[in-house]
Amino acid sequence: MNKATGYGESYSPSVPSDDCNQISVTGVFRAANTTQNTFSESAGINAQGEIIYHACWDNRAAFQLSNTGGRIGFRRKNGGAWGPWKQLATTEPPQKYDLPISISLARNWGCQYWKNQQGEVTLSIMLEASQNFTSWETFAVLPVGFRPMVLKDYPAVFFSPHAAGVVRIEPNGAMKVGTAVTNQNYLYLNATFLTA
């Protein structure tokens with residue numbers, strides 16, 4: 001393992017080779033594709049060009065950050081033992097998808113869903129049905145990978161006339177409207193939940 005140039009840190013002249021577990025001084029290092037205990041090794045990708053930042057307090061406590069292939073990994077050492085590498089979340093925005101509505105619509109002002117890197121699904125629904133909702137009618141189904149672990153009920157706002165109700169999201173992805181007020185055809189909902 002060779003130290004990278006620059007960055008202003010001071011380095012020990014003797015850097016152990018081919019094992020990230022053996023680094024004992026603070027510094028920035030470049031891994032070879034034969035280096036052991038790298039983030040890229042744990043992620044199953046080639047380590048060539050992997051940059052590792054190592055900070056240590058003594059032989060028992062340290063942490064390492066790694067950047068390779070557009071991924072960032074982190075691990076720490078406590079009590080002299082290294083923990084596993086964990087990939088850090090990036091700041092890329094999640095891709096949004098249009099929610100297919102299974103009832104006839106007069107207007108769709110935006111019915112979308114997306115999932116972040118922590119597995120949280122967010123729904124944003126603003127629609128006008130072409131006819132009044134029937135209580136507990138399924139109006140949409142979320143695809144596999146975007147469904148809640150357990151049944152979820154969320155408060156929803158209805159308009160024309162103004163009223164409150166509920167949208168139920170089932171583990172099979174079925175989304176149902178519940179309201180005690182008749183003549184409801186406008187629906188507004190924002191909800192977030194963890195996926196199964």
Looking only at non-hydrogen atoms, find the nearest pair between Phe193 and Pro148 and report the distance.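 What the structure gives for the nearest pair is CE1-N, 3.4 Å.
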
Which atoms form the tightest heavy-atom contact between Ser102 and Thr138, and what is the distance?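 Scanning both residues completely, I find the closest heavy atoms to be OG-O, 3.5 Å.
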
May I ask you to decide if the ring planes of Phe133 and Phe139 are parallel, tilted or perpendicular, using 30° and 60° as cut-offs?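 It falls in the perpendicular class, over 60°.
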
For Gln118, is the CD atom crowded, meaning more than 12 foreign heavy atoms sit under 6.0 Å from it?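 Above 12, so yes.
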
For Trp136, does the six-membered ring have the charged nitrogen or CZ of Lys176 within the cation-pi criterion, i.e. under 6.0 angstrom from the centroid and within 45° of the normal?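 Pair Lys176/Trp136 does not count as cation-pi.
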
Taking the six-membered ring of Trp82 (Phe, Tyr or Trp), confirm whether the NZ or CZ of Arg75 is under 6.0 Å from its centre and within 45° of its axis.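 Relative to the ring axis of Trp82, which defines the angle, Arg75 lies inside both limits.
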
Taking only residues at least two apart or on different chains, which pairs with a member in residues 101-129 satisfy salt bridge (charged side-chain N to carboxylate O under 4.0 Å, His left out)?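 Listed by first then second residue: Arg107-Glu128.
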
Taking side-chain hydrogen bond (donor to acceptor under 3.5 Å, both in side chains) as the cut-off, I'd like each qualifying pair that reaches into residues 147-156, sequence neighbours left out, listed once.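 As it turns out, the side-chain hydrogen bond (donor to acceptor under 3.5 Å, both in side chains) pairs with a partner in residues 147-156, which skip direct neighbours, are Asp153-Arg168.
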
Tell me every residue that passes ring pair (Phe, Tyr, Trp, His ring centres under 6.0 Å) with Tyr113, counting only those two or more places apart in sequence or in another chain.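 Once residues adjacent in sequence are excluded, the partners of Tyr113 under the ring pair (Phe, Tyr, Trp, His ring centres under 6.0 Å) criterion are Tyr97, Phe146.
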
Would you please say whether a donor-acceptor pair under 3.5 Å links the side chains of Ser124 and Gln112?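 Result is no, nothing qualifies.
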
Using distance alone, with no hydrogens and no angle criterion, decide if Asp19 and Asn37 have a side-chain donor and acceptor under 3.5 Å apart.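 Their side chains do contain a donor-acceptor pair, which is all the 3.5 Å distance test asks for.
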
Is there a side-chain contact between Tyr188 and Phe158, using heavy atoms and a 4.5 Å cut-off?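 Tyr188 does not reach Phe158 side chain to side chain.
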
Do Ser40 and Thr68 pass the side chain to side chain donor-acceptor pair (under 3.5 Å) test, and can you show the C-alpha distance, the side-chain angles, and the key distance before you say yes or no? CA-CA 7 Å; Ser40 55; Thr68 184; 4.9 Å; no

